[in-house]
Amino acid sequence: LFRSLWLGLGTPKSLRCGLTRGRDVAVLDYTVMDYLFAQCRSDFISRERGAELSLETQEEFLALAVLDMMRMTKESRKSLQETLDSVSYKACIPESFRKQIQQHNIVTRHRSEE
């Protein structure tokens, strides 16, 4: 079962252009890409980080959370508002970053939540 899921038998293929014109070469199919994305997302959210994050890194994490919520909206075929009502951006960022946000004063936290 794992092998057939990994190889993605019978699924559409993601293609890239080959070196010669007109040749398409299979890179990774959708099933593999979905698996790799889910693994990277899980690793990102469960990461532990002891040091304070820079403002630039915080902004990148929040941007990733927004993109993840947009992905959830598209995959669930819900409206964006339905997703926002049911999923917090905090579920899309590492716990250490959530704790860091909670330690900020109310003005900074409000800015981060918008």
Qualifying residues under side chain to side chain contact (heavy atoms under 4.5 Å, CB included), relative to [X], sequence neighbours excluded:
| X | result |
| --- | --- |
| E75 | R71 |
| I45 | R41 |
| S76 | K78, T83 |
| L64 | F44 |

Mind checking whether L84 and F61 sit in one hydrophobic cluster, side chains of I, L, V, M, F, W, Y counted as touching below 4.5 Å?
yes

Applying side-chain hydrogen bond (donor to acceptor under 3.5 Å, both in side chains), name anything that partners [X], two or more places apart in sequence or on another chain.
| X | value |
| --- | --- |
| S79 | E82 |
| S54 | T57 |
| E60 | none |
| E56 | none |

For the atom pair CG (L67) and SG (C92), what is the distance rounded to the nearest 0.5 Å?
10.0 Å

Find the distance between CZ (F97) and CZ (R47) and round it off to the nearest 0.5 Å.
11.0 Å

Side-chain contact test, heavy atoms from C-beta onward, threshold under 4.5 Å: evaluate it for D68 versus F37 and give yes or no.
yes

Contact summary for Y89 and M69, nearest pair of heavy atoms:
CA-SD, 3.6 Å

Pairs flagged by salt bridge (charged side-chain N to carboxylate O under 4.0 Å, His left out) wherever residues 94-103 is involved - sequence neighbours left out
E95-K99

